[in-house]
There are 2 protein chains.
Amino acid sequence: MHPALKQHIGDKLILSPEHELLVDNCFKTRLTKRNEILVEKGSIARHLYFVVKGCLRVFLTDDDGNESTRFLIFEGRMGTAFPSFILKEPSVASIQSPEPSELLVLSYADRDLLLNEIPGFETMYRLGLELDYIASIQRIESLITMDSKARYNILMQTQPEIIKRLPNKIVADYLGISQETLSRLKSKK
Amino acid sequence: MHPALKQHIGDKLILSPEHELLVDNCFKTRLTKRNEILVEKGSIARHLYFVVKGCLRVFLTDDDGNESTRFLIFEGRMGTAFPSFILKEPSVASIQSPEPSELLVLSYADRDLLLNEIPGFETMYRLGLELDYIASIQRIESLITMDSKARYNILMQTQPEIIKRLPNKIVADYLGISQETLSRLKSKK
DNA sequence: CAAAAAGATTGACAATAGTCAATAAATCAT
DNA sequence: ATGATTTATTGACTATTGTCAATCTTTTTG
């Protein structure tokens with residue numbers, strides 16, 4: 001099994017050699033180029049992605065070409081265009097890798113296989129889901145209670161890597177503000 | 001078991017008579033008055049609430065007394081101050097019942113009991129969690145991509161009960177806007 | 001390495017939304 | 001029911017943020 005995935009699982013789940021092999025067989029390695037599109041909006045997101053290296057960006061585009069970043073996934077984390085993946089409906093979001101990336105890809109069917117076959121896998125998955133849900137609740141909180149400056153400061157505190165690694169444009173649309181506003185926040189503060 | 005809870009579970013989980021009794025014993029009925037506070041911010045949310053009648057409001061207050069509604073839970077749905085409940089940390093949010101309500105209350109320990117004892121319970125719980133997570137992702141989307149008018153229109157389409165049943169003030173802070181702005185949106189539109 | 005492309009900054013202006021205050025309407029509790 | 005309290009609406013003004021455009025900087029790629 002890929003060491004990064006092994007580390008991700010850590011002591012949350014003890015796998016027998018057979019089960020470890022099963023997990024290993026379900027996750028397929030994929031390498032992407034900078035800005036490569038993995039899921040096009042309108043198509044169904046059929047995979048979960050574990051990021052070994054690089055990052056993924058789940059983003060929305062409107063008719064005028066404006067983009068908004070719904071979600072960012074860095075090294076050691078899993079994600080996808082979740083509503084599409086779960087509901088098996090065409091995704092309103094696209095997924096791209098802003099950096100050249102190394103991914104481990106898990107299909108929906110293989111996720112179900114692991115959930116059903118490996119005792120404890122569903123509990124681990126569920127606990128991860130709870131944490132992701134909490135993160136999204138906290139993002140909602142920041143959006144409904146704070147102005148753009150406060151949101152930027154929080155992001156700086158909690159996920160400075162986003163600000164360091166990604167272009168201003170993406171940071172801005174992750175925060176739900178224009179890139180000009182972000183630029184002004186950075187100079188003023 | 002309470003018929004509303006039975007309906008909530010529906011065909012998602014077939015319970016043996018013993019397990020049905022176990023579920024029934026874990027959920028305690030609680031009646032609340034209008035605007036009663038169930039969880040005070042700063043305390044730990046130790047329960048999950050199933051709303052039989054009425055509704056619950058999970059909300060934030062700042063130092064100036066401004067309120068923001070993080071989450072609303074209507075009949076037939078479950079919820080709590082989720083980050084506090086899961087992380088067992090003091091809640092930044094409070095919970096109140098804006099209407100007199102009938103609730104079924106499940107403690108953290110009893111939730112774990114059901115998760116561990118009843119085969120299939122965790123799967124049902126996990127599927128519910130996935131849907132709640134999806135709803136929160138969609139709320140983030142509306143907050144980062146739409147202006148207040150568009151958000152109001154979406155809310156009208158997707159959850160008109162919120163607008164019909166709850167005071168303007170709560171609708172406004174659920175949308176992340178001031179109540180004056182909401183009032184103007186309604187008259188203009 | 002150089003040309004081209006993409007991203008970042010800044011200014012001027014417009015639009016959206018917030019605040020404060022006064023009044024009107026609706027709702028609650030006795 | 002009615003007085004009291006809360007909630008909703010409206011106006012005037014302010015503050016924040018967005019848009020468009022120009023310029024400057026950085027990054028990419030042939």
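Numbers restart at 1 for each chain; the letters A, B, ... are given by sequence-line order, proteins then strands.
Of the candidate nucleotides D:dT19, D:dT7, D:dT10, D:dT19 has the atom nearest to the side chain of A:R184. Comparing D:dT9, D:dT7, D:dA12 against the side chain of B:S183 picks out D:dT9 as the nearest.
Where DNA chain C pairs in unbroken runs of 3 or more (Watson-Crick or G-U, both distances under 3.5 Å), the stems are C:1-30 with D:1-30.
Legend: residues meeting salt bridge (Lys or Arg N to Asp or Glu O under 4.0 Å) with A:R111, ordered by chain and number and at least two apart, are B:E130. Partners of B:E89 by side-chain contact (heavy atoms from CB on, under 4.5 Å), not counting sequence neighbours, listed by chain and number: B:L87. A search for side-chain contact (heavy atoms from CB on, under 4.5 Å) contacts involving A:E67 returns A:R57, A:F59, A:T61, A:D173, not counting sequence neighbours. With sequence neighbours left out, the side-chain contact (heavy atoms from CB on, under 4.5 Å) criterion links B:S107 to B:H47, B:A109, B:D110. In terms of the side-chain hydrogen bond (donor to acceptor under 3.5 Å, both in side chains) criterion, residue partners of A:N66 (sequence neighbours excluded) are, by chain and number, A:D62. In this structure B:A93 satisfies the side-chain contact (heavy atoms from CB on, under 4.5 Å) test together with B:V58, B:L60, B:R70, B:S91, sequence neighbours excluded. Taking the side-chain hydrogen bond (donor to acceptor under 3.5 Å, both in side chains) definition, one finds that B:Q179 meets it with nothing, sequence neighbours left out.
Residues from residues 172-180 of chain A placing a heavy atom under 4.0 Å of any atom in DNA chain C, listed by number, are A:Q179, A:E180.
In 5' to 3' order, the nucleotides of DNA chain C bounding all contacts with chain A (an atom under 4.0 Å from a heavy atom) are C:dG7 to C:dA12.
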Original post:
Quick one: what's the B/S/- string for nucleotides 22-30 of chain D, heavy-atom cutoff under 4.0 Å, read 5' to 3'?
Top reply: ------S--
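Sorted by first and then second residue, the pairs that involve residues 79-121 of chain B and meet ring pair (Phe, Tyr, Trp, His ring centres under 6.0 Å), not counting sequence neighbours, are A:Y133-B:F82, B:F85-B:Y108.
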